[in-house]
A.B. asks: 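Take this structure, written in structure tokens, and hold onto it; I'll ask about it next.
It should be emphasised that the depicted structure is a prediction, and the values quoted were computed from it without experimental measurement. Proteins get letters first, then strands, A, B, ... in listed order; numbering begins at 1 in each.
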Amino acid sequence: MATTQSVTRYLSPSQVDLDKIASLCKRRGFIFQSSEIYGGLNSVWDYGPLGVELKNNVKRAWWRAMVQERDDVVGLDAAILMHPQVWHASGHVAGFADPLIDCKVCKQRFRADHLWAAFVNGVKDKDGAPVLVTGEGSTPEEAAAEMAPRAKKLLKASLTEIKPVLVKDLADRDRVPCPACGAVGSLTEPRMFNLMFKTFLGPVEDESAVIYMRPETAQGIFANFDNVLTSSRMRLPFGIAQTGKAFRNEITTGHLTFRSREFEQMELEYFVRPEEGERWLQYWLEQRRGWYLKLGLRPDSLRLRQHEKEELAHYAKDCYDVEFTFPWGWAELEGIANRGDFDLTQHARSSGKKLAYFDPSTGSGEKGEHIVPYVIEPSGGVDRATLAFLIDAYDEEPPPAGTEEARVVLRLHPALAPVKVAVLPLSRKEPLVNMARDIARELRAPSAGSGWAVAYDDAQSIGRRYRRQDEQGTPYCVTVDFQSLEDKAVTIRERDTMSQVRVPVAELAAALRERLGL
RNA sequence: GCGGGAGUAGCUCAGUGGUAGAGCUCCUGCCUUCCAAGCAGGAAGUCGCGAGUUCGAAUCUCGUCUCCCGCUCCA
């Protein structure tokens with residue numbers, strides 16, 4: 001849509017007031033809180049009539065770019081419920097359930113398996129009780145290194161004398177100081193935080209029937225790796241794509257739909273030869289960045305950020321985040337990771353099935369070789385992308401005179417806009433209404449534009465209706481006036497510039513197709 | 001989960017013990033020409049929910065739910 005590219009923007013995403021987005025979303029029917037009539041359900045959200053169109057458009061654009069416009073990616077729709085062993089093999093049962101310890105004084109939170117303490121030889125406090133030092137670390141050595149300076153302050157103790165013990169294993173935590181604020185006896189008992197939702201398979205609530213609701217869609221892809229390989233005869237490199245719901249009992253939720261407990265993912269697992277992993281990671285970084293830009297996000301709103309070594313998940317060899325400048329700061333839209341062969345290896349081990357790609361053309365022998373591919377994973381949040389598109393598109397145009405209200409407009413890309421065209425009779429007189437309804441019907445027909453959502457609105461003044469459409473991001477309004485009855489021509493009014501052009505009704509569909517670029 | 005702030009009409013908010021309000025939105029009608037216009041009429045609130053105190057609670061007390069802001073994590 002060439003006409004909108006030079007449009008003046010008044011707000012950048014970081015200047016947008018999230019409360020105004022939330023208010024608009026509710027007022028116009030994009031996003032509602034779940035179970036609102038019962039007081040709401042914590043961090044669960046519903047998409048209203050406009051929201052479901054927008055979200056479906058996001059998913060459709062992703063599916064087109066990732067699956068339908070490529071010959072090396074196929075789709076999948078795996079079930080939410082899977083064999084519990086999947087989540088043991090993937091590391092989620094171990095990794096997603098952490099005992100955590102809080103400091104009641106400074107409110108810091110620590111992973112119980114990363115929080116260590118050690119007695120400092122011979123040092124006693126005023127009451128004659130032994131004194132402890134604390135430190136964080138994934139290993140006792142790391143913790144000891146952190147404790148050393150603290151211990152030295154108390155005594156000329158050398159490193160070899162520090163023997164860290166996990167705080168959670170200590171009989172009494174009363175004398176353990178908080179490693180952050182130093183307050184003694186402020187640490188809570190370790191409490192289990194399990195991020196996976198549990199339920200029961202079958203009507204009997206027996207412990208042996210416990211299964212999980214998937215915390216990510218990726219494992220459905222890995223579990224079906226061999227099925228897809230043998231049924232679709234894909235050759236390396238190739239990918240399997242899937243969108244779908246995932247569930248996590250997040251400790252901290254919030255920022256509207258940004259972090260919720262039920263959310264939707266769009267994930268690609270792209271299988272490559274191990275030695276080509278880094279090259280394909282770079283390739284997908286550019287592809288995914290380009291996708292967001294093509295759908296209208298401003299380049300300034302996006303950045304790629306490489307994970308620090310310490311930041312990497314247990315499975316990742318390398319990882320980048322696609323980040324968006326949300327009103328509260330930069331935050332992740334999508335993670336793009338090189339997962340190595342972790343997942344296929346784990347599932348092969350756990351299931352006893354061979355999960356490998358057989359390449360007859362390579363290998364030292366004549367029979368070819370089995371390769372366990374590396375996997376590059378662009379894993380995006382549908383709800384996050386939808387929210388980012390909303391925020392990036394949101395604009396408030398100051399009124400020229402200064403007396404009217406600001407014009408609120410969602411400058412959504414036409415491919416994402418919930419409604420593509422609104423047909424508006426200038427007045428509610430019957431001949432105008434009839435003509436406008438006919439035009440709307442014609443524009444909805446497949447021959448006009450495939451799958452266009454077309455709105456018809458004749459309530460209240462024309463200016464009010466334009467603003468209403470602006471606020472929900474409708475790119476074009478078609479206005480039928482009294483002259484239209486005679487000259488069979490209508491006005492196309494553009495959302496971003498408010499400019500108008502008159503076209504014959506016979507050429508309307510073609511004119512809109514060209515402008516929408518769909 | 002912990003700390004702070006907040007829940008009154010669809011939205012933004014006023015109302016501090018005595019009959020639930022305003023602006024905008026929304027709906028109906030009038031208006032022959034275009035950007036939240038005008039006129040007339042109308043709809044809409046278990047004051048988040050539940051107890052308690054009181055002759056009487058939107059208002060005071062307690063509990064609870066939800067949202068927003070911080071803290072560790074993730075798509």
A.B. asks: Can you tell me how far C1' in B/C31 sits from the matching atom in B/C65, rounded to whole Å?
C.D. replies: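 So the two C1' atoms sit 49 Å from each other.
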
A.B. asks: Hey, does the side-chain of A/Arg259 have a donor or acceptor N/O within less than 3.5 Å of a partner on the base of B/C74?
C.D. replies: yes

A.B. asks: Students often get this wrong, so: under 4.0 angstrom with heavy atoms, is A/Tyr38 touching a base, only sugar-phosphate, or nothing?
C.D. replies: nothing

A.B. asks: Test salt bridge (Lys or Arg N to Asp or Glu O under 4.0 Å) on A/Asp470 and A/Arg493; report intermediate values, then the result.
C.D. replies: CA-CA 11 Å; A/Asp470 290 341; A/Arg493 180 265 193 187; 2.6 Å; yes

A.B. asks: By the 4.0 Å heavy-atom rule, please label A/Ser379 as base, sugar-phosphate, or nothing.
C.D. replies: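 The answer is sugar-phosphate, as A/Ser379 gets under 4.0 Å only of primed atoms, P, OP1 or OP2.
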
A.B. asks: If the cut-off is 4.0 Å, is A/Asn42 near the phosphate of B/C67, judged by side-chain N/O to OP1 or OP2?
C.D. replies: yes

A.B. asks: Report the residues that fulfil salt bridge (charged side-chain N to carboxylate O under 4.0 Å, His left out) with A/Lys26, sequence neighbours left out, ordered by chain and then residue number.
C.D. replies: A/Glu36

A.B. asks: Is A/Gln500 touching bases, backbone alone, or none of the nucleic acid, heavy atoms closer than 4.0 Å?
C.D. replies: base

A.B. asks: Which protein N or O atoms sit under 3.5 Å from an N or O of nucleotides 22-25 of chain B?
C.D. replies:
from, atom 1, to, atom 2, distance (Å)
B/U25, OP1, A/Arg464, NH1, 2.7
B/U25, OP2, A/Arg464, NH1, 3.4

A.B. asks: What residues form a ring-ring contact (aromatic ring centres under 6.0 Å, His included) with A/His255, not counting sequence neighbours?
C.D. replies: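 For A/His255 the ring-ring contact (aromatic ring centres under 6.0 Å, His included) partners, ignoring immediate neighbours, are A/Trp328.
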
A.B. asks: Detail all sub-3.5 Å separations between protein N/O atoms and N/O atoms belonging to nucleotides 40-49 of chain B.
C.D. replies:
none

A.B. asks: What's A/Ala385 touching, base or sugar-phosphate or nothing? Going by heavy atoms closer than 4.0 Å.
C.D. replies: nothing

A.B. asks: Find out whether the Lys NZ or Arg CZ of A/Arg288 is both under 6.0 angstrom from the six-membered ring centre of A/Tyr292 and within 45° of the ring's axis.
C.D. replies: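 Ring-cation test returns yes.
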
A.B. asks: Between A/Arg305 and A/Trp330, is NZ or CZ placed under 6.0 angstrom from the six-membered ring centre and within 45° of the ring axis?
C.D. replies: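 Because its charged atom misses either the 6.0 Å distance or the 45° angle limit, A/Arg305 does not stack over A/Trp330.
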
A.B. asks: How would you label the contact of A/Gln483 with the nucleic acid (heavy atoms, under 4.0 Å): base, sugar-phosphate, or nothing?
C.D. replies: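 Base: the residue A/Gln483, judged by heavy atoms under 4.0 Å, touches a nucleobase.
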
A.B. asks: Which nucleotide in the set B/C67, B/C74, B/C34 lies at the smallest distance from any side-chain heavy atom of A/Arg384?
C.D. replies: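 Output: B/C74.
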
A.B. asks: Would you check if there is a donor-acceptor pair between the side chains of A/Ser12 and A/Gln15 at a distance under 3.5 Å?
C.D. replies: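 Their side chains do contain a donor-acceptor pair, which is all the 3.5 Å distance test asks for.
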
A.B. asks: Does anything in residues 419-431 of chain A reach RNA chain B, meaning a heavy atom under 4.0 Å, and if so which residues?
C.D. replies: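 Going residue by residue through residues 419-431 of chain A, the ones with a heavy atom under 4.0 Å of RNA chain B turn out to be A/Leu426, A/Arg428, A/Lys429.
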
A.B. asks: What residues form a ring-ring contact (aromatic ring centres under 6.0 Å, His included) with A/Phe271, not counting sequence neighbours?
C.D. replies: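 Scan of A/Phe271 (ring-ring contact (aromatic ring centres under 6.0 Å, His included), adjacent residues dropped) gives A/Phe225, A/Phe238.
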
A.B. asks: Quick one: is A/Ser23 getting a side-chain N or O under 4.0 Å of the B/C11 phosphate, OP1 or OP2?
C.D. replies: no

A.B. asks: Need one value for A/Leu24: base, sugar-phosphate or nothing, where a base atom within 4.0 Å counts as base even if backbone is also close, heavy atoms only.
C.D. replies: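 Result for A/Leu24 = nothing.
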
A.B. asks: Once you apply a heavy-atom cut-off of 4.0 Å, does A/Asp481 come out as touching a base, just sugar-phosphate, or nothing?
C.D. replies: base

A.B. asks: Roughly how far apart, to the nearest Å, are B/C24 and B/U16 at atom C1'?
C.D. replies: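 Nearest-Å result for B/C24 against B/U16 at atom C1': 26 Å.
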
A.B. asks: Should the pair A/Glu494-A/Arg515 be classified as a salt bridge under the 4.0 Å nitrogen-to-oxygen rule?
C.D. replies: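 Salt bridge absent between A/Glu494 and A/Arg515.
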
A.B. asks: Heavy-atom distance under 4.5 Å between the side chains of A/Lys55 and A/Val52, does that happen here?
C.D. replies: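 Side chain of A/Lys55 against side chain of A/Val52, heavy atoms only: no contact under 4.5 Å found.
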
A.B. asks: Tell me, please, whether A/Phe258 has A/Arg384 positioned over its six-membered ring: NZ or CZ under 6.0 Å from the ring centre and within 45 degrees of its axis?
C.D. replies: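 Yes, a cation-pi geometry holds between A/Arg384 and A/Phe258.
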
A.B. asks: If you look at every strand shown and take non-hydrogen atoms under 4.0 Å, does A/Leu432 touch a base, only sugar-phosphate, or nothing?
C.D. replies: nothing

A.B. asks: Using a 4.0 Å heavy-atom cut-off, does A/Thr491 contact any base of the nucleic acid, only the sugar-phosphate backbone, or nothing at all?
C.D. replies: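 Touches a base.
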
